*Asks:* 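This is the structure I want to talk about, given as structure tokens.
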Amino acid sequence: MGARLRRFREARRIPRSRAAHAIRASDSKISRMELGRSPFKVRDVEDLLTLYGITEARERESLLQLAQESNRPGWWYGYSDLISTGTDHYLGLEVAASLLRVYELQVVPELLQTRDYARAVTRLRQPRTPDLEVERWVDLRIERQELFLKAGGRKLWALLDEAVLHRAWGGAEVMRGQLERLLELSESPEVTLQIVPFTAVTALGVGGAYTVFRFAEDDLPDVVHLNQATGEYYMDKQEDVDRFVHEWGLLSGDALPPHESQALLYETLARS
């Protein structure tokens with residue numbers, strides 16, 4: 001919805017200030033709406049469509065319906081008492097993206113975790129969390145996986161630092177189950193899995209784990225997500241995205257190809 005509003009405005013060379021005046025708002029609200037970071041009031045969308053010259057009844061009706069649907073709670077609404085605003089935004093991007101590029105240094109990416117591995121990671125990271133709440137976090141993660149893998153049309157490209165394979169969260173038995181799961185998913189057409197070996201020097205320049213979201217719509221920019229100790233950060237400025245995409249290219253080039261990554265997984269599993 002935001003992307004369409006931006007296209008209409010730019011096609012008619014209307015500045016954000018004029019659009020903001022039309023809906024009795026600030027320039028920053030127009031920016032948030034166009035980036036999909038603000039809910040849409042149907043009245044505001046109607047006024048903007050009029051300003052942008054979108055008068056054909058069927059097109060207006062379709063756009064207004066899209067505005068209404070964009071405000072509906074996501075499938076994860078039942079977990080809203082658990083998740084933060086940043087996590088809510090992440091889940092929305094995950095649903096909308098056509099390609100997720102994930103780089104992890106410490107743990108298996110959440111969309112590839114087994115239930116036992118997810119439980120062990122959650123308990124170690126949130127040691128004071130009650131068991132029932134831990135199980136709800138695990139349920140959320142597994143539901144995300146099922147929705148992503150069954151949806152079709154979406155791809156996950158995961159780069160895992162080799163250290164992830166040797167860090168046995170939850171113990172040896174849990175880790176064996178996780179390695180088996182990685183091998184299973186590496187055969188899926190929706191998943192590309194590469195291991196970044198210890199010998200890959202490009203990994204030194206990355207600095208931490210991150211996700212790059214890409215969308216099917218050509219005019220939507222990629223979004224980079226960083227989850228750090230100080231909070232979650234989202235970047236969509238072209239220069240920031242370009243830096244991470246460049247680093248991704250270097251990393252994936254130094255990572256083992258998928259078939260060699262599978263071989264390393266088999267070797268690691270045999271030694272476990």
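For clarity, every value in this text was computed on a predicted model and none was experimentally measured. The figures that follow rest on heavy atoms only: side chains count, while hydrogens, waters and symmetry mates do not.
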*Asks:* May I ask you to decide if R58's main-chain N or O and S62's side chain share a donor-acceptor pair within less than 3.5 Å?
*Replies:*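 Here the side-chain-to-backbone pair does not exist.
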
*Asks:* Check this for me: H166, atom NE2, are more than 12 non-hydrogen atoms of other residues, nucleotides or ligands nearer than 6.0 Å?
*Replies:*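 Above 12, so yes.
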
*Asks:* Flag yes if L105 and V224 sit in one hydrophobic cluster, no otherwise; membership is Ile, Leu, Val, Met, Phe, Trp, Tyr, and two members link when side-chain heavy atoms are under 4.5 Å apart.
*Replies:*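 Yes, L105 and V224 fall within the same hydrophobic cluster.
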
*Asks:* Can you tell me if T87 and S84 form a side-chain donor-acceptor pair at under 3.5 Å?
*Replies:*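 Short answer, yes.
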
*Asks:* Given the rule that I, L, V, M, F, W and Y join up when any side-chain heavy atoms are under 4.5 Å apart, are L160 and L149 in one cluster?
*Replies:*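 Yes; L149 is reachable from L160 via cluster members.
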
*Asks:* With rounding to the nearest 0.5 Å, note down the distance linking CD in Q126 to CH2 in W137.
*Replies:*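 Going from CD on Q126 over to CH2 on W137, the span is 6.0 Å.
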
*Asks:* Return yes if some donor-acceptor pair links the side-chain N/O of E162 with the main-chain N/O of I195 below 3.5 Å, else return no.
*Replies:*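 No, because the side chain of E162 does not come within donor-acceptor range (under 3.5 Å) of the backbone of I195.
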
*Asks:* Output yes when a side-chain donor or acceptor of R60 lies under 3.5 Å from a complementary backbone atom of I54, and no otherwise.
*Replies:*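 Yes: the side chain of R60 pairs with the backbone of I54.
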
*Asks:* Does one hydrophobic cluster hold both V241 and F244, with members joined at side-chain heavy-atom distances below 4.5 Å?
*Replies:*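 Cluster IDs for V241 and F244 match.
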
*Asks:* Between the main-chain N or O of L51 and the side-chain N or O of R9, is there a donor-acceptor pair closer than 3.5 Å?
*Replies:*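 It does not hold such a pair.
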
*Asks:* Run the numbers on L182 and V108 for side-chain contact (heavy atoms from CB on, under 4.5 Å), then give the verdict.
*Replies:* CA-CA 9 Å; L182 287 176; V108 171; 3.9 Å; yes

*Asks:* For residues F148 and Q145, determine if any side-chain heavy atom of one lies less than 4.5 Å from a side-chain heavy atom of the other.
*Replies:*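 A side-chain contact under 4.5 Å is absent here.
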
*Asks:* Is it the case that the side chain of R101 and the backbone of V245 share a donor-acceptor pair, with hydrogens and angles ignored and the cut-off at 3.5 Å?
*Replies:*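 Such a contact is absent between R101 side chain and V245 backbone.
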
*Asks:* For L265 and L165, what are the C-alpha separation, side-chain angles and deciding distance, and is it a side-chain contact (heavy atoms from CB on, under 4.5 Å)?
*Replies:* CA-CA 8 Å; L265 285 170; L165 308 184; 3.7 Å; yes

*Asks:* Using a 4.5 Å cut-off on heavy atoms from C-beta on, say whether the side chain of F215 contacts that of L93.
*Replies:*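 Yes, their side chains come closer than 4.5 Å.
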
*Asks:* Using the rule that two of Ile, Leu, Val, Met, Phe, Trp, Tyr join whenever any of their side-chain heavy atoms come within less than 4.5 Å, decide whether L99 and L147 are in one cluster.
*Replies:*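 No: no chain of side-chain contacts under 4.5 Å links L99 to L147.
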
*Asks:* Picking from E135, E146, E110, what satisfies salt bridge (Lys or Arg N to Asp or Glu O under 4.0 Å) with R141?
*Replies:*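 In the set E135, E146, E110, the residue that makes a salt bridge (Lys or Arg N to Asp or Glu O under 4.0 Å) with R141 is E110.
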
*Asks:* Measure the CZ-CG distance between R4 and L49 for me, rounded to the nearest 0.5 Å.
*Replies:*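 It comes to 10.5 Å.
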
*Asks:* Measure the spacing between OH of Y79 and CD of E143 and express it to the nearest 0.5 Å.
*Replies:*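 Rounded to the nearest 0.5 Å, the OH-CD separation comes to 4.5 Å.
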
*Asks:* For K155 and P189, indicate whether the former's side chain and the latter's backbone hold a donor-acceptor pair under 3.5 Å.
*Replies:*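 Flag set: sc K155 to bb P189 pair under 3.5 Å.
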
*Asks:* Charged N to carboxylate O below 4.0 Å: is that the case for R119 and D116?
*Replies:*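 Looking at R119 and D116, the cut-off is met.
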
*Asks:* Just by modelled atom types, is the R214 backbone N or O under 3.5 Å from a matching donor or acceptor in the S98 side chain?
*Replies:*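 The answer is yes, because a donor-acceptor pair under 3.5 Å joins these two groups.
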
*Asks:* Does CZ belonging to F198 count more than 12 external heavy atoms closer than 6.0 Å?
*Replies:*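 Above 12, so yes.
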
*Asks:* For the residue pair S272 and R176, what are the closest heavy atoms and their distance?
*Replies:*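 Heavy atoms of S272 and R176 come nearest at OG-CG, 3.0 Å.
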
*Asks:* Locate the shortest heavy-atom distance separating G2 from F40; write the atom from each residue and the value.
*Replies:*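 What the structure gives for the nearest pair is N-CZ, 3.8 Å.
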
*Asks:* For side-chain contact (heavy atoms from CB on, under 4.5 Å), just list the numbers for E180 and E184, CA-CA rounded to whole Å, side-chain angles, deciding distance to a tenth of an Å, and then say yes or no.
*Replies:* CA-CA 6 Å; E180 290 170 352; E184 176 189 349; over 6 Å; no

*Asks:* Could you tell me the separation between the CD atom of E190 and the CG atom of L111, rounded to the nearest 0.5 Å?
*Replies:*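 Here the interatomic distance stands at 12.0 Å.
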
*Asks:* Would you say the side chain of V107 lies within less than 4.5 Å of the side chain of R167, judging by non-hydrogen atoms?
*Replies:*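 A side-chain contact is absent here, since even the closest heavy-atom pair is not under 4.5 Å.
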
*Asks:* Quick check: do M175 and Y117 have side-chain heavy atoms less than 4.5 Å from each other?
*Replies:*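 Side-chain contact under 4.5 Å: yes.
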
*Asks:* Return the minimal non-hydrogen interatomic distance between A255 and L159, and the atom names on each side.
*Replies:*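 Between these two residues, the closest heavy atoms are CB-CD2, 4.3 Å.
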
*Asks:* Nearest 0.5 Å please: distance from the CD atom of E187 over to the CG atom of L193.
*Replies:*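 Rounded to the nearest 0.5 Å, the CD-CG separation comes to 10.5 Å.
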
*Asks:* Apply side-chain contact (heavy atoms from CB on, under 4.5 Å) to K29 and D44, showing your working.
*Replies:* CA-CA 11 Å; K29 180 174 180 178; D44 289 345; 3.2 Å; yes

*Asks:* Can you check whether L112 reaches R181 side chain to side chain, under 4.5 Å on heavy atoms?
*Replies:*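 The answer is no; the side chains never approach within 4.5 Å.
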
*Asks:* How are the rings of F8 and Y52 set to each other: parallel, tilted or perpendicular (split at 30° and 60°)?
*Replies:*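 Tilted, since the angle between the ring planes falls between 30° and 60°.
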
*Asks:* When rounded to the nearest 0.5 angstrom, what distance separates CG in L183 from CD in Q178?
*Replies:*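 That separation rounds to 10.5 Å.
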
*Asks:* Step through the shown structure and confirm whether more than 12 heavy atoms of other residues, nucleotides or ligands are within 6.0 Å of CZ on R271.
*Replies:*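 Yes - once you tally the heavy atoms of other residues, nucleotides and ligands closer than 6.0 Å, there are more than 12.
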
*Asks:* Just checking E239: does its CD atom have more than 12 heavy atoms from other residues, nucleotides or ligands closer to it than 6.0 angstrom?
*Replies:*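 Yes, the 6.0 Å shell around CD holds more than 12 heavy atoms from other groups.
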
*Asks:* Quick check on E173: does its CD atom have over 12 non-hydrogen neighbours (other residues, nucleotides or ligands) under 6.0 Å away?
*Replies:*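 For E173, atom CD is not crowded (no more than 12 foreign heavy atoms under 6.0 Å).
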
*Asks:* Once you measure the plane-to-plane angle for Y234 and H89, does it fall in the parallel (<30°), tilted (30-60°) or perpendicular (>60°) bin?
*Replies:*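 Perpendicular.
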
*Asks:* Linking I/L/V/M/F/W/Y whenever any side-chain heavy atoms sit under 4.5 Å apart, do L269 and V174 land together?
*Replies:*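 Linked, L269 and V174 end up in one cluster.
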
*Asks:* Looking at every heavy atom in both Q194 and W157, which two are closest together, and how far apart are they?
*Replies:*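 Here Q194 and W157 meet closest at OE1-NE1, 2.9 Å.
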
*Asks:* Do the non-hydrogen side-chain atoms of I83 and Y90 ever get within less than 4.5 Å of each other?
*Replies:*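 No, every pair of side-chain atoms sits at 4.5 Å or beyond.
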
*Asks:* Do V95 and L91 have side-chain heavy atoms sitting under 4.5 Å apart?
*Replies:*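 No, side chains not in contact.
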
*Asks:* Can you check whether R24 reaches R43 side chain to side chain, under 4.5 Å on heavy atoms?
*Replies:*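 Yes, at least one pair of side-chain atoms sits under 4.5 Å.
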
*Asks:* Would you name the heavy atoms of G249 and S252 that are closest together and state the gap between them?
*Replies:*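 Residues G249 and S252, closest heavy atoms: O-OG, 3.2 Å.
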
*Asks:* Of all heavy-atom pairs between L256 and P197, which one has the smallest distance, and what is that distance?
*Replies:*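 Distance-wise, the nearest heavy atoms are N-CD, 4.1 Å.
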
